[in-house]
Structure formats: C-alpha cells, structure tokens
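Accompanying notes for the structure given below.
Keep in mind that what you see is a predicted model, and the values were worked out from it rather than measured.
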Amino acid sequence: QVQLVESGGGLVEPGGSLRLSCAASGFTFDMYHMYWYRRAIGKERELVAAITNTGGTTDYADSVKGRFTISRDNAKSTVYLQMTSLKPEDTAVYYCNAGHRRTPWRTTGNYWGQGTQVTVSS
C-alpha cells in the first residue's frame, strides 16, 4: 500500500523557518522523482520544488528560489523541504507527490500525501 505522510507544518512568524518531511512507503522510493506542491485558499495548486530520483537535480518555483531547499534521503525513503525567510504568501497546504522516473520531469505523479498546513502570520 502506497503511503506518503507529510509532517512538520505549523504556524510560524514571517521571516521564520520550517522543515517539512514526507515519509514514503509501499513503492521503490529511489525510482521516483519527488515534488512538493502547495495550494493556498482561492489559488490553484502550485509546484514549489522538485528533485530527481537520484537527488542530482532540483528545481524551484521562482517565488521560492533562494528561500526553499528540497532534499531527499533514499535510505530513509524521505523527502524534505527546508523553508526559510517565510512570508505570509507562503501560507498554504503543502503536499508531497511522487512520479516515476520514466515520466517526464516536473510532471505530476500518481502518488499524493494528505498534506500539511503551513501558516505564516504574526
């Protein structure tokens, strides 16, 4: 049974930091590219960060470049999103997503987590 379980969300003040984790099980993690998406109220889903199955390549939305870092630990089947210099506009539900390495890069994968809420507010 495939599972993606996000954790690490919460309430943080502007300028603060959070680290999200997504623990995967039920599939061969190192054969999957991993993505972090977010959806804010009233907005469309946005691809925030992406990492290839080997971790060798990463990519980011312009809105988070220089502030967010995606990484993965294939031995632990976990992907991370380190978020710094958080802004109120980063407030959203953050989801991890897994796409097989044979699917085109930055294409939404089949597997989703349940999401974790990040709220940036003073």
Side-chain angles (χ1 to χ4, degrees):
Q1 178 183 356
V2 171
Q3 278 196 308
L4 293 172
V5 180
E6 299 99 335
S7 60
L11 173 63
V12 64
E13 292 186 348
S17 299
L18 282 175
R19 188 173 87 150
L20 306 183
S21 300
C22 173
S25 60
F27 62 98
T28 306
F29 185 72
D30 64 6
M31 295 182 68
Y32 281 74
H33 302 324
M34 296 299 297
Y35 306 101
W36 284 99
Y37 284 83
R38 68 185 180 188
R39 176 171 278 157
I41 294 175
K43 296 187 177 180
E44 293 188 355
R45 186 179 64 198
E46 176 186 21
L47 176 60
V48 174
I51 188 166
T52 54
N53 63 305
T54 63
T57 299
T58 58
D59 200 11
Y60 300 90
D62 287 343
S63 57
V64 307
K65 273 181 185 173
R67 300 189 297 121
F68 290 11
T69 303
I70 188 171
S71 62
R72 65 189 294 160
D73 184 339
N74 283 352
K76 295 182 178 180
S77 296
T78 301
V79 62
Y80 305 96
L81 186 67
Q82 179 68 50
M83 306 185 293
T84 63
S85 302
L86 283 161
K87 304 174 181 180
E89 52 264 42
D90 294 318
T91 295
V93 178
Y94 285 71
Y95 301 88
C96 68
N97 175 257
H100 196 275
R101 65 181 182 179
R102 286 199 294 265
T103 59
W105 173 231
R106 293 172 56 93
T107 300
T108 304
N110 291 330
Y111 303 146
W112 287 95
Q114 82 288 349
T116 186
Q117 175 71 46
V118 171
T119 302
V120 185
S121 175
S122 54

Assigning hydrophobic clusters by single linkage (Ile, Leu, Val, Met, Phe, Trp, Tyr; side-chain heavy-atom cutoff under 4.5 Å), is [X] placed with [Y]?
X: Val5; Y: Met34; answer: no
X: Leu4; Y: Leu47; answer: no
X: Tyr35; Y: Met83; answer: no
X: Val64; Y: Val93; answer: no
X: Val120; Y: Leu11; answer: no

Requested in this report: Quick one: list whatever passes salt bridge (charged side-chain N to carboxylate O under 4.0 Å, His left out) with Arg106, sequence neighbours left out.
Outcome: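 Arg106: salt bridge (charged side-chain N to carboxylate O under 4.0 Å, His left out) contacts with Asp59.
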
For Glu89, all residues meeting salt bridge (charged side-chain N to carboxylate O under 4.0 Å, His left out), sequence neighbours excluded
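If we apply the salt bridge (charged side-chain N to carboxylate O under 4.0 Å, His left out) test to Glu89, skipping adjacent residues, there are no hits.
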
Would you call the rings of Tyr32 and His100 parallel, tilted or perpendicular, taking 30° and 60° as the class edges?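 Tyr32 vs His100 ring planes: perpendicular.
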
*Mutual orientation of the aromatic rings belonging to Trp105 and His33 [parallel < 30°, tilted 30-60°, perpendicular > 60°]*: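 Aromatic pair Trp105/His33 classed perpendicular.
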
Donor-acceptor under 3.5 Å ([X] side chain, [Y] main chain):
X: Asp30; Y: Thr54; value: no
X: Arg38; Y: Val118; value: no
X: Asn74; Y: Asn53; value: yes
X: Ser85; Y: Arg67; value: no

What's the shortest heavy-atom distance between [X] and [Y], and which atoms?
X: Asn97; Y: Asn110; value: ND2-N, 4.5 Å
X: Ser122; Y: Glu13; value: CA-CG, 4.5 Å
X: Ser63; Y: Glu46; value: OG-OE2, 3.1 Å

Between [atom1] of [X] and [atom2] of [Y], what distance do you get to the nearest 0.5 Å?
X: Leu81; Y: Glu6; atom1: CG; atom2: CD; answer: 11.0 Å
X: Phe29; Y: Thr78; atom1: CZ; atom2: OG1; answer: 6.5 Å
X: Asp73; Y: Tyr80; atom1: CG; atom2: OH; answer: 5.0 Å
X: Leu86; Y: Thr119; atom1: CG; atom2: OG1; answer: 10.5 Å
X: Thr91; Y: Gln117; atom1: OG1; atom2: CD; answer: 7.0 Å
X: Arg39; Y: Arg45; atom1: CZ; atom2: CZ; answer: 6.0 Å

State, with a plain yes or no, whether a side-chain heavy atom of Ser25 is found less than 4.5 Å away from one of Ser77.
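Counting from C-beta outward, Ser25 and Ser77 never come under 4.5 Å.
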
* Write out all pairs satisfying disulfide bond (SG atoms under 2.5 Å apart) with one or both partners inside residues 35-122, taking only residues at least two apart or from two chains. =>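 Residue pairs passing disulfide bond (SG atoms under 2.5 Å apart), neighbours aside: Cys22-Cys96.
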
Inter- and intrachain pairs under ring-ring contact (aromatic ring centres under 6.0 Å, His included), touching residues 39-76, at least two apart
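Every pair satisfying ring-ring contact (aromatic ring centres under 6.0 Å, His included) with a residue in residues 39-76: there are none.
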
- Task: Give a yes or no on whether a salt bridge exists between Asp90 and Lys87, defined as a side-chain N under 4.0 angstrom from a carboxylate O.
- Result: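 Salt bridge between Asp90 and Lys87, a charged N being under 4.0 Å from a carboxylate O: no.
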
| request: Could you pull out all residues at least two apart from Ser17 that satisfy side-chain contact (heavy atoms from CB on, under 4.5 Å)? | output: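 Partners of Ser17 by the side-chain contact (heavy atoms from CB on, under 4.5 Å) criterion, ordered by chain and then number, come out as Gln82, Thr84.
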
Holding to side-chain contact (heavy atoms from CB on, under 4.5 Å), I want the full list of residues that pass it with Thr107, two or more places apart in sequence or in another chain.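 For Thr107 the side-chain contact (heavy atoms from CB on, under 4.5 Å) partners, ignoring immediate neighbours, are Pro104.
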
For the ring pair (Phe, Tyr, Trp, His ring centres under 6.0 Å) test, which of Trp112, Tyr94, Tyr95 pairs with Tyr37?
->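 When Trp112, Tyr94, Tyr95 are each tested with Tyr37, the ring pair (Phe, Tyr, Trp, His ring centres under 6.0 Å) holds only for Trp112.
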
